[in-house]
Amino acid sequence: MSRAYRIAVSETLRRHVKVEDGVQTQLELLHVLAAERMREILAAELAELGFERDGQVCRRVDEDGVEVTVDLDAGTVTVKLAAEEELDMTARESAASTRAANPELEEQLRQRAQERLERRADARTERMREEVTATLEKKLRDLRAELDGAVNRATGAALKEKAAELGEIEEITEDDETGSLTIRVRV
Amino acid sequence: MKRVAASEHRVLSVARALVGQIGADAIEPVLRSSYAMPPKLGSTAMALLEQTLRAGVVLALCRRGGWRRVEHADAEGEVRRGRMWQRHGPPALRFSPMSVQLCRWLAGEALVTSGATLSWRGKPTLGDQLLLYLACDLTLACDVSRRVAVSPAFRRSPLCWLGFPDVLSAGEAPEARELDASSFDPFVAGGDGVVVLEALQDDLVARWTRIERLKGRVRKPSALIALGESQRRVLDLLMDSAERYGRRDICAFVIEASAALMRGPRDPAQWIGNLTRAASLSERQRAREAAGALLAGLERVSSWVEGARGTRFFDDDYALSQLLLRRFEPLGPEGLSRARALRSQLSALDADAADVSAPEQAPS
């Protein structure tokens, strides 16, 4: 009677995984003044919101790791988030064999284990990506309101400057609720 | 009474369906089933096929818009009003063996289950291109267009890309070898090509309007991205040719399609409401931008219209400019403003913000 042997293999996967997600859109900034002046005014408003300027780019990284970048030249805002993880996974496969040494079976088992590891790694990577996406999704509405506010204030400041160039400002009325701005100028 | 073999009868039935003599319902069983084709058609069948194509394709062109009294520019930049055959002589549509091969392929392959595609080495004639266009329409109506999307003969046809970017992009967006900078020149530069494109304007309005209205059903971002990229490439190349040959009026279908869309509901959900939220934000954003491909094309046309407003009565292109302004009237500044607002909504930063009150819709 032949003896039954059990062939068992163990495979390991170690990998550094990085996932990233983000969106980019255009800021709708009216060019009330010259483009360069509008950029400066906007940069000042963004600084109030915690953005740090580096040349023509203003950047802020929030507590949750979300990075918001405003390119003053291109007029774009980019929001992105990345996540990294060191994967360290092990998979075991075993099967019965009539021989104590069975290299073909061992190779098959190793391949199966590797495939299982790859699937698990892909699944983990996708879950990380989904978490990154979910974090960004929750943030977008508030971020838009924040940036819209900065753009509106920058536009208001530019209008006041423009009005001062045209003549003597007699009265400025601002309605914070509606966002309207009325400037009376004596020309 | 002329007699043909059963296989030849299938080929002739397909040809009649292509030119609209038989309805799509009647020919659909033929397109869905396979049939062994003999090496070539007999002389009787060939003569009948020639007769069907010669008369039928021109009639189809007339029915699809050539009958209408419309204004178009001519080669000298003057504007002529009339039906297709009043503005031009009858188009000389020649059909090469490719047209015969097309009809045989449609009649012989079971288009849903077969893996066969249609290829052709030579350069298709204008008649061939028109027949390919009609074949896209027929296979779409019968819901058997999947093989068309991956067939080189269709994918190398600029007319098919122009009329059916939704069908062909199901394969993928056009590559440079399929559509290049000069692809639309034969349909814009003059001659019979421009006669065909003028006659198809109504068709193009209907097609592009329908494509936009169906975008709201698309679930996969990759599908919407491929469609939008295809539309952008087609419009960019067509408009480049139109500028090169002074025939901007040939792109008026973009204005008319946009006008029809801006008259109806303009909720971004009509374009992207069924996109799965399982995809990444970056992919969804690409899909949202792709959804606005027609509106992006409209921006370029509107820049032509702006330029036309400044044309003086003694300028060479005054007549063409006035034509463009007349064509812009159905959309108007208000419609353009609505289109821009919609595009802005599609690309807004918070367009994909989390919304717990909006569950994913099942595809219809």
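Chain letters run A, B, ... following the sequence lines, proteins first and then strands; every chain starts at 1. None of the values given here were measured: they were computed from a predicted structure.
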Cut-off 3.5 Å, no hydrogens considered: what does the side-chain donor-acceptor table look like for residues 27-34 of chain A, sequence neighbours left out?
from: A:E28; atom 1: OE2; to: B:S344; atom 2: OG; distance (Å): 2.7

Query raised in the report: Considering only heavy atoms, which portion of B:R286 lies under 4.5 Å from any heavy atom of chain A: side chain, backbone, both, or neither?
Result: neither
**Report entry** Residue B:A351 versus chain A: region with a heavy atom under 4.5 Å
**Finding:** neither
Query raised in the report: chain B contacts: which residues in residues 8-23 of chain A have a non-hydrogen atom closer than 4.5 Å to it?
Result: A:D21, A:G22, A:V23
Report task. May I have the step-by-step check of side-chain contact (heavy atoms from CB on, under 4.5 Å) for B:C160 and B:L168, ending in yes or no? Result -> CA-CA 8 Å; B:C160 289; B:L168 297 183; 3.9 Å; yes
Report task. Take A:K80 and A:V66, measure what side-chain contact (heavy atoms from CB on, under 4.5 Å) needs, and give me the verdict at the end. Result -> CA-CA 6 Å; A:K80 60 183 183 183; A:V66 172; over 6 Å; no
[X] side chain to [Y] side chain, donor-acceptor N/O pair below 3.5 angstrom:
{"X": "B:S151", "Y": "B:T117", "value": "no"}
{"X": "B:Q231", "Y": "B:W208", "value": "no"}
{"X": "B:R340", "Y": "B:S337", "value": "no"}

Report task. Using atom types as modelled and distance alone, determine if a side-chain donor or acceptor of B:D180 lies under 3.5 Å from a backbone N or O of B:S183. Result -> yes
Report summary line: Under 4.5 Å to a heavy atom of chain B? For A:V132 that would be neither
